[in-house]
Colleague: 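Got a structure for you, written out below as structure tokens; questions coming shortly.
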Amino acid sequence: MSEVDAPRTRPAVGRLAPTPSGLLHLGNVLAFGAAWLSARSQGGRLLLRVEDVDRGRARRHIEDAQKRDLEWLGLTWDHEPRRQSERDYAPWVERLGQQVYWCRCTRAMVRDAGGIYPGTCRDADHDDEDGRGRLRFRLPDDPVHFVDRRFGPQVIDPAAELGDPVLQRHDGFYTYPLAVVADDIEDGVTEVVRGADLLAYTAVQIRLFEAFQADPPTWMHSPLVLGADGKKLSKSHGSAHVGELRDAGASPRDVWRQVLPWLGLQGDHVEDVVDAFDPTAGPLGPIRVETD
Ligand code: GLU
């Protein structure tokens, strides 16, 4: 194909964005497998972004273990990994101008108000003289409409349902909601593929893309994977973790034979099913796995 005939759409850029606070479990394998398949099936590129903006929770040895697990599963990436802790988000906050404000409410106050920040300091015009405030983003008061490639059309009013997000904490650190959007813009990400626990939160991120006047990516959320007890997978479900499965003698093939049907695919390895990938195929979940 000559350059003139080439499609004018942006080449796909996806990302694997693990948070290095917990070892990879089958829900992560599903989400990262979907992200990998989506990008590869379009001949696109994949970044590995270490989401360690929350330094209190990020652990270097967990980051290393996650990379080892991803490689073992064949989930390859195309560039040197990028790390949020090495980026500067201050210019991004600057760009938001009057759309951010200082909030003096404590976490306990938000909890007492029902858990969703009710906008108490929105019009209070606080400054941050003592350096103890939180910087929040003023969400517009109307619903966001977007289409998830798997879950279909969504309507979410983030101001009412989620509350104005904190972009900078009282200790000065920037937060995940700011970092993830700034990174996706800076990295030229065209598609976000991740677990359904962040489906509703997408509405907040879309508002931030609008505020930065940037083209949003497309969105696909993979089904939630729960333990036999119906709870989100965590450390207590050891047997649903990649490292533990490997230690018990499982091969990548064993893992993929369990996970690929959750994307409506049959195969021994993620590499074998690239051409068959369809974001809408398979269950919406939640999916339950045997755990002990
Ligand atoms: N860091 C998030 C996670 O590990 C993923 C966030 C995203 O992909 O936008 O679940």
Side-chain angles (χ1 to χ4, degrees), residues 12-39 44-60 62-67 69-70 73 75 77 81-87 89 92 146 148-151 154 156 158 162 165 167 173-209 212 214 216-226 232-235 237 240-243 259 279 285-287:
V13 180
R15 80 289 198 287
L16 309 171
T19 303
S21 57
L23 295 168
L24 295 193
H25 55 59
L26 292 172
N28 302 127
V29 177
L30 174 59
F32 294 138
W36 189 94
L37 282 165
S38 179
R45 287 185 295 122
L46 267 166
L47 314 166
L48 177 68
R49 181 199 301 145
V50 179
E51 299 214 306
D52 60 352
V53 71
D54 185 349
R55 318 242 170 135
R57 293 181 58 221
R59 300 281 175 271
R60 200 54 184 257
I62 293 185
E63 178 187 323
D64 293 342
Q66 289 177 332
K67 286 183 191 152
D69 290 349
L70 289 171
L73 288 163
L75 296 175
W77 54 90
R82 298 170 186 184
R83 200 169 281 120
Q84 287 182 330
S85 59
E86 291 170 0
R87 291 181 156 185
Y89 297 103
W92 291 92
F146 68 96
D148 184 86
R149 291 163 65 206
R150 187 176 190 86
F151 286 85
Q154 308 288 317
I156 294 157
L162 301 161
L167 302 188
F173 284 111
Y174 296 102
T175 63
Y176 169 74
L178 174 69
V180 68
V181 172
D183 291 348
D184 283 337
I185 295 171
E186 201 157 277
D187 294 340
V189 166
T190 64
E191 55 177 49
V192 167
V193 182
R194 60 186 180 186
D197 48 335
L198 286 165
L199 179 59
Y201 208 77
T202 302
V204 171
Q205 292 177 231
I206 289 173
R207 288 298 191 216
L208 280 165
F209 276 97
F212 290 125
T218 61
W219 309 92
M220 174 188 168
H221 290 81
S222 62
L224 285 184
V225 182
L226 307 176
K232 269 178 73 171
L233 291 179
S234 68
K235 253 190 217 162
H237 304 100
H241 285 71
V242 176
V259 171
I287 290 156

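Both counts, for ligands and for their atoms, begin at 1 and track the order of listing. Computed from a predicted model, the values in this text were never measured in an experiment.
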Colleague: Heavy-atom distances under 4.0 Å decide this one: backbone, side chain, both or neither, for Leu198 against ligand 1?
Modeller: side chain
Colleague: State whether a side-chain donor-acceptor pair under 3.5 Å links Glu191 with Ser38.
Modeller: yes
Colleague: State the CZ-CZ distance between Phe32 and Arg194, to the nearest 0.5 angstrom.
Modeller: 11.5 Å
Colleague: In Å and rounded to the nearest 0.5 Å, what is the CG to NZ distance from Leu16 to Lys67?
Modeller: 12.0 Å
Colleague: May I ask you to check if ligand 1 and Val180 share an N or O to N or O distance below 3.5 Å?
Modeller: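 Between Val180 and ligand 1 (N or O atoms, distance only) the closest approach is not under 3.5 Å.
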Colleague: Just to confirm, does any protein heavy atom lie below 4.0 Å from atom 10 (O) of ligand 1?
Modeller: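 So atom 10 (O) of ligand 1 lacks protein heavy-atom neighbours under 4.0 Å.
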Colleague: Suppose I only count heavy atoms of Ala17 and a 4.0 Å limit; which atoms of ligand 1 are within that range?
Modeller: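 Answer, ordered by atom number: 1 (N), 2 (C), 3 (C), 4 (O), 5 (C), 8 (O).
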Colleague: Assess Arg15 for proximity to ligand 1: is some non-hydrogen atom of it under 4.0 Å away?
Modeller: yes
Colleague: Against heavy atoms of Tyr176, which atoms of ligand 1 measure under 4.0 Å?
Modeller: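 Listed by number with element: 6 (C), 7 (C), 9 (O).
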Colleague: Quick test of your reading of the model: are Arg82 and Asp183 salt-bridged, counting only N-O distances below 4.0 Å?
Modeller: no
Colleague: Determine, for Asp187 against Arg49, whether the closest basic-nitrogen to carboxylate-oxygen distance falls under 4.0 angstrom.
Modeller: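 Yes, charged N to carboxylate O under 4.0 Å.
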